[in-house]
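Only this structure's heavy atoms are used, side chains among them; waters, hydrogens and symmetry mates stay out. We count ligands from 1, going down the list as the structure has it; atoms in each ligand are counted the same way.
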Amino acid sequence: MNSDNSQIIIEDLAHIWHPCTQMKDHETLPLIPISRGEGVYLYDFDDKSYIDAISSWWVNIFGHVNPHISNRIKEQLESLEHVLLAGFTHKPAVDLAKKLVEITPKGLDKLFFADNGSSAVEVALKMSFHYHKNRGESRPLFLSLSNSYHGETIGALSVGDVELYKETYAPLLISCIQTPVPKEQTKESAEEAIVELEKILEERGEEISAFIIEPLVQGAGYMHMYHPIYITLAKRACEKHGVHLIADEIMVGFGRTGTMFACEQADITPDFMTLSKGLTGGYLPLAVVMTTDEVYSAFYCDYGEHKAFLHSHSYTGNPLACASALATLELFEASDVIGENRKKSSYILEKVEKFKSLPNVKEVRQTGMITAIELRGYEPEERIGLKVYQYGLDNGVLLRPLGHIIYFMPPYIISNEQIDKMIDTAYDAIVRL
Ligand SMILES: *Cc1c(COP(=O)(O)O)cnc(C)c1O
């Protein structure tokens, strides 16, 4: 190992507490210092390359150090790096707001900035609760899908349903109940789950502010996928009970599921849509909550009526992040990204066909540019995900399985040869388990 690599590892472990990590694991599992990125590749200090098969935690869509996005950020750097968004505004924020209103489902005409996904979820939850309050109703409960994930801050954690992240903090959480997510990707599963949703809304609808969902794919919930009809019917059911629908498109937005936004496949407009991750092309932290004029209006009155949404983050609408997001949207306009992705997903689906005959593969599933291989017959203590992860790293591919789920969620600019290498490496890893 290059001395730069080992020196960085030592200095890192002396001070940095890493996210989502049992730090003791690093006694045996080396950290990977990355020196640079280019396209789908990350490089360490020995110049060893890794195909980024997970888009660096699902954020990168047009590759690392994308020349267009980098240039746009550099240009912005010359004129304005940051200004508070209370009482002030700037062009990148306005241009981005206009663009997002234009491309998101019809009726989402207002936008509130945050600076990361969890904060956007907090904003949506607070706004929904506050909307009802401003209209004289008390709805202290939230509803979410079983197996869901919406982030790690207390409110976002409360509406998630991944035990591993949640159980320790149970006494701190806000009130949320779950309705079952459709078991499979079929229409029948979706319709079964709707019956359960309707039952809950019938019983407790008046207490519930909002129903929050990850449309089509539950990411951290093991890349579980379900049919769009569930969202169409859920929107209708929520409306009947005055319950908001929050579409958390933080992971699925910006083309990941085969359409620009997952909600398009259900042909609905949610009351709130949260966006982050791919929004800046994976460059800078930024998030937005899109909502309707109807919601906005419930807060609009004289100051003395105390109905304003007094929520803020220091880096709200940061100009560099907005410039990065605008550059990302320009790349979507410059070519038929969604159409090209459709070809790539088909190619990936053909390539993963061979996994189906492996005895330890339970299911292969895909929604757009997310493809998951579910393994069977392993205990959690075996940490097979970790074995696949290590095999991947040894062989130049960054795979980061979720337990027994190996998945591919690469940047959209991946070539067919790179897809071959990514998938063949995962296949070899599974064969060797
Ligand atoms: C990642 C994610 C979040 C949280 O976003 P952060 O920026 O990591 O706080 C929320 N919801 C979904 C669906 C996500 O995938």
Trainee: Measuring from atom OG1 of Thr153 to atom CG of Asn116, what distance do you get when rounded to the nearest 0.5 angstrom?
Mentor: 7.0 Å
Trainee: Counting each atom of ligand 1 from 1 as listed, which ones have a heavy atom of Gly151 under 4.0 Å away?
Mentor: 4 (C), 10 (C)
Trainee: Quick one about Thr274 and Asp248 (side-chain donor to acceptor, distance below 3.5 Å, no hydrogens or angles considered), yes or no?
Mentor: yes
Trainee: Between Asn60 and Ser56, do the side chains contain a donor N or O and an acceptor N or O under 3.5 Å apart?
Mentor: no
Trainee: Looking only at protein heavy atoms, which one is nearest to atom 13 (C) of ligand 1, and how far off is it?
Mentor: Asp248 OD2, 3.3 Å
Trainee: Identify, by atom number and element, the atoms of ligand 1 in contact range of Asn116, meaning under 4.0 Å from any of its heavy atoms.
Mentor: 7 (O), 9 (O)
Trainee: Which of the atoms of ligand 1 are close to Ser118, meaning less than 4.0 Å from one of its heavy atoms?
Mentor: 4 (C), 5 (O), 6 (P), 9 (O)
Trainee: Considering only protein heavy atoms, which is closest to atom 5 (O) of ligand 1, and at what distance to one decimal place?
Mentor: Gly117 CA, 3.2 Å
Trainee: Just by distance, with hydrogens left out, do Asp44 and Tyr50 show a side-chain donor and acceptor under 3.5 Å apart?
Mentor: yes
Trainee: Going by distance alone, is a donor N or O of one side chain under 3.5 Å from an acceptor N or O of the other, for Tyr283 and Asn66?
Mentor: no
Trainee: With heavy atoms only and a cut-off of under 4.0 Å, state how Lys277 meets ligand 1: side chain, backbone, both or neither.
Mentor: side chain
Trainee: Nearest protein heavy atom to atom 8 (O) of ligand 1: under 4.0 Å?
Mentor: no
Trainee: I want to know if ligand 1 touches Val121 in the polar sense, i.e. an N/O pair below 3.5 angstrom.
Mentor: no
Trainee: Under 3.5 Å, is there a donor on one side chain and an acceptor on the other for Tyr412 and Ser55?
Mentor: no
Trainee: Are Trp58 and ligand 1 in contact, using a heavy-atom cut-off of under 4.0 Å?
Mentor: yes
Trainee: Within a distance under 4.0 Å of any heavy atom of Met251, pick out the atoms of ligand 1 and give their elements.
Mentor: 15 (O)
Trainee: Under 3.5 Å, is there a donor-acceptor pair between the Glu249 and Thr257 side chains?
Mentor: no
Trainee: Check each heavy atom of Tyr149 against ligand 1 and say whether those closer than 4.0 Å belong to the side chain, the backbone, both or neither.
Mentor: both
Trainee: Can you list the atoms of ligand 1 that are under 4.0 Å from a heavy atom of Glu214?
Mentor: 13 (C)
Trainee: Minimum heavy-atom separation for Leu80 to Pro319, with atom names?
Mentor: O-CB, 3.7 Å
Trainee: Report the relative orientation of the aromatic rings in Phe62 and Phe332; use parallel for angles under 30°, tilted for 30 to 60°, perpendicular for over 60°.
Mentor: perpendicular
Trainee: Counting from 1, what ligand 1 atoms have a heavy atom of His150 closer than 4.0 Å?
Mentor: 10 (C), 11 (N)
